[in-house]
Amino acid sequence: MVTNLLTDYWPILVLLLVSLGFAGIAMGGGLLLGPRRSSARKQEAYESGMRAIGPGTRQMPVRFYLVAVLFILFDIEVIFFLPWAVVFRQYYENGLGAFILLEMLVFIVILLVGYAYAWKKGALEWE
Amino acid sequence: MTPDQILFIVTALISTLAAVMVVSRRNMVHAALFLVLTLFGVAVAFVLLEAPFLAVVQVLVYIGAIAILMIFAVMLTRNVTDDSGDPFNKNARVGGLAALFVFSLLVVMFGGWSQFTAYPQAGDTSGSIVQLGVALTAADGYVIAFEVASMLLLGALVGAIFVVWPRQNENE
């Protein structure tokens, strides 16, 4: 079983090891080799080389939350596309192409109502 | 012990410890980050159970989206980085007992289920994405549930906009 896992998920394991190794070497190397001369300016939060304005984790406008919710909803919509797309050809070859297409059309049209609402309401815009 | 079991035990330990950290951290942002680790452990569990699609969904939706939403939700509250205070209140003991009761109930229930210790056999395709696709789209399958899912998403979309959108009478 685990041999199966190794062949199937080998790239993910490699990615995990490379990212951990890269971060570890970069941080560990800096810790070991780099000089450490601290100053008040260096202790500030890094903000693209500029002086940071206000705390980094201040209260956010609720609009960000709306964006995140919209992202999740369309993310889940896409997740539903995948199993549908995988079996589409199977249906098509059995002469049921119209049926499976209609299924997804119903699914999308229902969501398009919400999309139109969000668009009309201006929820997709950032003033 | 087989390598599978070792992998499972390590994953289970990491996710359980991370879950304990989620409920015991005084800083809510840290708790949210530990939640990401817990969810990742669950994704590995799905992989071990040969449910790759669920593992992908777990990473994409839960780690990619729900965790971000959690962090946004935390940042909407006041004084996020400050110490949120002792996460345990005077009901902690009662809550712990209730959790223990539910947990033992689940252990008894699942212990009596013959499929509980069953492990997916090699060549078993019941967890594959093709099977899921057929189940979701077949006329004698879950096609109604599939369409209702889009209604649920629609409801959530409209609801989110309605809750967040400023009321007109409040602007007057």
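Because the structure is predicted, anything quoted here is derived from the model rather than measured. In what follows, every heavy atom counts, from backbone to side chain, and hydrogens, waters and symmetry copies are set aside. Below, read A as the first sequence line, B as the second, and so on, with proteins coming before strands; counting in each chain starts at 1.
Under the rule for a ring pair (Phe, Tyr, Trp, His ring centres under 6.0 Å), B/Tyr62 has no partner lying at least two apart in sequence or in another chain.
By number of non-hydrogen pairs under 4.5 angstrom with chain B, the leading residue of A/Leu112, A/Leu111, A/Val67 is A/Leu111. Looking only at heavy-atom pairs under 4.5 Å with chain B, the residue among A/Ile108, A/Asp75, A/Leu66 that has the most is A/Leu66.
Placement of B/Phe46 and B/Val61 in two distinct hydrophobic clusters is found when ILVMFWY residues are connected by side-chain heavy-atom separations under 4.5 Å, directly or transitively. B/Val143 and A/Ile110 end up in different hydrophobic clusters when Ile, Leu, Val, Met, Phe, Trp and Tyr side chains are linked at under 4.5 Å. Hydrophobic clustering (ILVMFWY, side-chain heavy atoms < 4.5 Å, transitive): A/Ile72 and A/Val113 are in one cluster. Both B/Leu37 and B/Leu13 are part of a single hydrophobic cluster, where members link through side-chain heavy atoms under 4.5 Å apart. Under the 4.5 Å side-chain contact rule for hydrophobic residues, B/Leu17 and B/Val23 do not share a cluster.
Separation of atoms CG (B/Leu60) and CD1 (A/Ile79) is listed at 4.5 Å; rounding is to 0.5 Å. Atom CG of A/Leu73 sits about 11.5 Å away from atom OG of B/Ser150, to the nearest 0.5 Å. In this structure, the separation between CG on B/Leu69 and CZ on A/Phe71 is 10.5 Å, given to the nearest 0.5 Å. Summarising the geometry, atom CG belonging to B/Leu152 is positioned 8.5 Å from atom CD1 belonging to A/Ile76; distances are rounded to the nearest 0.5 Å.
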Could you tabulate the donor-acceptor pairs under 3.5 Å formed by side-chain atoms of residues 93-113 of chain B, not counting sequence neighbours?
unit_1   : atom_1 : unit_2   : atom_2 : d
B/Ser104 : OG     : B/Leu100 : O      : 2.7
B/Ser104 : OG     : B/Phe101 : O      : 3.0

Counting only pairs under 3.5 Å, give me each side-chain donor-acceptor contact of residues 81-106 of chain A, with atom names and distances, residues two or more places apart or in other chains.
unit_1  : atom_1 : unit_2   : atom_2 : d
A/Trp84 : NE1    : A/Ile100 : O      : 3.1
A/Tyr91 : OH     : B/Thr137 : OG1    : 3.0
A/Tyr91 : OH     : B/Ala138 : N      : 3.1
A/Asn94 : ND2    : A/Gln90  : O      : 3.2

TODO: Could you check B/Phe72 against A/Val69 for side chain to side chain contact (heavy atoms under 4.5 Å, CB included), going step by step and ending with a plain yes or no?
DONE: CA-CA 10 Å; B/Phe72 269 137; A/Val69 169; over 6 Å; no
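By the 6.0 Å contact criterion, CD1 on B/Ile144 is open, its count of non-hydrogen atoms from other residues, nucleotides or ligands being 12 or less. Counting non-hydrogen atoms of neighbouring residues, nucleotides and ligands closer than 6.0 angstrom, the OH atom of A/Tyr65 reaches no more than 12 such neighbours. Residue A/Tyr117 places its OH atom among more than 12 non-hydrogen atoms of other residues, nucleotides or ligands, all under 6.0 Å distant.
Both the backbone and the side chain of B/Ile66 come within contact range of chain A, judged by heavy atoms closer than 4.5 Å. Contacts between B/Val130 and chain A at a heavy-atom distance below 4.5 Å involve backbone atoms as well as side-chain atoms. A/Leu70 touches chain B through its side chain: at least one heavy atom from C-beta onward sits under 4.5 Å away, while N, CA, C and O do not.
Along residues 154-163 of chain B, the residues that come nearer than 4.5 angstrom to chain A, judged on non-hydrogen atoms, are B/Leu154, B/Ala156, B/Leu157, B/Val158, B/Ala160, B/Ile161 in order of number.
Using bins of under 30°, 30° to 60° and over 60° for the plane-to-plane angle, the ring pair A/Phe107/B/Phe146 lands in the parallel bin.
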